[in-house]
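Order of the sequence lines sets the chain letters (A, B, ...), proteins ahead of strands, with each chain counted from 1. Worth knowing before you read on, the calculation uses all heavy atoms, side chains too, and leaves out hydrogens, waters and symmetry mates.
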2 protein chains.
Amino acid sequence: MVEVFQKYLADKMPLSDADWAVIERVCIIKKLRKNQYLLQEGDVWRYHAFVCKGCLRRYSIDAKGIEHILQFSCENWWTGDRDSLMNKTPSKYNIDAIEDSSVLVIRNEDFEMLCQQLPAFNNLINQILFRSLNASQERINSTISLTAEEKYLHFINTFPLLANRVPRHMIASYLGITPETLSRIKGNLSKNKQ
Amino acid sequence: MVEVFQKYLADKMPLSDADWAVIERVCIIKKLRKNQYLLQEGDVWRYHAFVCKGCLRRYSIDAKGIEHILQFSCENWWTGDRDSLMNKTPSKYNIDAIEDSSVLVIRNEDFEMLCQQLPAFNNLINQILFRSLNASQERINSTISLTAEEKYLHFINTFPLLANRVPRHMIASYLGITPETLSRIKGNLSKNKQ
DNA sequence: AAAGATCCTTGACAAATATCAAGGGAATTC
DNA sequence: GAATTCCCTTGATATTTGTCAAGGATCTTT
């Protein structure tokens, strides 16, 4: 499974055998069954996590017990809770597997060592941070400016494979609408397409 | 005006006279009048911008001509468009001043030089990035999980000074609701407080 | 000081979305 | 294979929010 990570890195940065040896040494593979937690609310998160296979979701549970999905992560995406990681505070989020998954995790101290020893790795991580931030800002923009229907269309255009892979009620949660509303939107779109 | 930036840096990292001399050399101060643009949609953004005095907002305009405010930035906050900056693409956003303001900008190539020459500066910038990302994620979470009233309460609790400083219709835009809805929410909250 | 522009609130009505309930089909578990 | 669970859709109704219009207060410009 670590080969997935190796290929991912090699696609994005120069990766010598020596570099890979340093990285491989600190990689830990976790296999998760469907519905199994990677992180539970209240725990302190201590890793950087890369999805080798499968799909995860990060969500919060509000005072009424309703789940709100903040993020999906499938192959080649990163997941975790940087706030808990950096501040060493209990996380407000849960991360669990939507299907059986394999996740590669690296402890934060090992990760920082990699960033110091391997400038190309550090640059890659900085780029990923930038892209994460930009994606977050773009998502805020679409969340405050689009109707529910526009949000759904934006989602299926942006993540077509994901849209066919996760349950509709989870997509609804991610979009901040109810499953019934999403069902009606899909019905309306089908009607108009004919 | 650059002293504001100097004090901000000194509060957050060790800052020798030599360090400050290197930084001061690449600082540019821009004075903006109320409503004057720092960035206009379609332009390519080329700076990192720090607000020394005043208040700015970053917003998009949708297909119907409606403004959606993504972010406010007042004293000691950073602003800009990293997507446009990094990809050298035309920005989808506008940034303008809500009141007369002074903004310190640094060209990206100078900024990168500072990050390379001054490790403490680089660390500070990384921390700021982390905090920006965490704040964005937290905002997405609250945007998909809270009612309009809860959003407003969250906003005035999180940014009490800002809430008294920017027009209500801009707060409504930032929260993704209409000014009329915000007015009714405020009225309801006043009624319930009695 | 007056005129004009902007901000904000309120009323009436419309539209979008949520809530609740029910039921059918598919997937999962035993 | 049967029972159970989960997923999804649909109908009816309630609630929240948006739209449009109007008017008063405040701020800005002349």
Take the protein atom [atom1] of [X] and the nucleotide atom [atom2] of [N], then report the distance between them rounded to whole Å.
| X | N | atom1 | atom2 | result |
| --- | --- | --- | --- | --- |
| Glu99(A) | dC6(D) | CD | P | 18 Å |
| Ile98(B) | dT28(D) | CD1 | P | 14 Å |
| Lys191(B) | dT9(C) | NZ | P | 13 Å |
| Asn188(A) | dA15(C) | CG | C1' | 13 Å |
| Lys34(A) | dA27(C) | NZ | P | 11 Å |
| Ile171(A) | dT9(D) | CD1 | P | 10 Å |
| Leu175(A) | dT17(C) | CG | P | 11 Å |

I want to verify a distance call: between dT28(C), dT10(C), dC8(D), whose nearest atom is closest to the Ser183(A) side chain? dC8(D)
Which residues in residues 162-169 of chain A have a heavy atom closer than 4.0 Å to any atom of DNA chain D? Pro167(A), Arg168(A), His169(A)
Take the C1' atoms of the five end pairs on each side of the helix from dA1(C)-dT30(D) to dC30(C)-dG1(D), get both axes, and report the angle to 10 degrees. 60°
side-chain contact (heavy atoms from CB on, under 4.5 Å) against [X], all qualifying residues, sequence neighbours excluded:
| X | result |
| --- | --- |
| Ala172(A) | Ile177(A), Pro179(A), Leu182(A) |
| Asp19(A) | Leu15(A), Ser16(A), Leu118(A) |
| Asn126(B) | Asn126(A), Asn122(B) |
| Tyr8(A) | Phe5(A), Lys12(A), Phe50(A), Asn76(A), Trp78(A), Ile128(A) |

Please enumerate all residues that pass side-chain hydrogen bond (donor to acceptor under 3.5 Å, both in side chains) together with [X], with sequence neighbours excluded.
| X | result |
| --- | --- |
| Glu138(A) | Lys92(B) |
| Ser142(A) | none |
| Thr89(A) | none |
| Asp43(A) | none |

Is the shortest side-chain N/O distance from Lys186(B) to OP1 or OP2 of dT9(C) below 4.0 Å? yes
Check whether the side chains of Gln137(B) and Arg58(A) place a donor and an acceptor atom closer than 3.5 Å, and report yes or no. yes
For residues 24-35 of chain B, the side-chain hydrogen bond (donor to acceptor under 3.5 Å, both in side chains) pairs (sequence neighbours left out) are Trp20(B)-Glu24(B)
Letter by letter from the 5' end, nucleotides 14-26 of chain D scores (B base, S sugar-phosphate only, - none; protein heavy atoms under 4.0 Å) ---SSBB------
Show your reasoning for whether side-chain contact (heavy atoms from CB on, under 4.5 Å) applies to Asp96(B) and Leu56(B). CA-CA 6 Å; Asp96(B) 67 11; Leu56(B) 278 74; over 6 Å; no
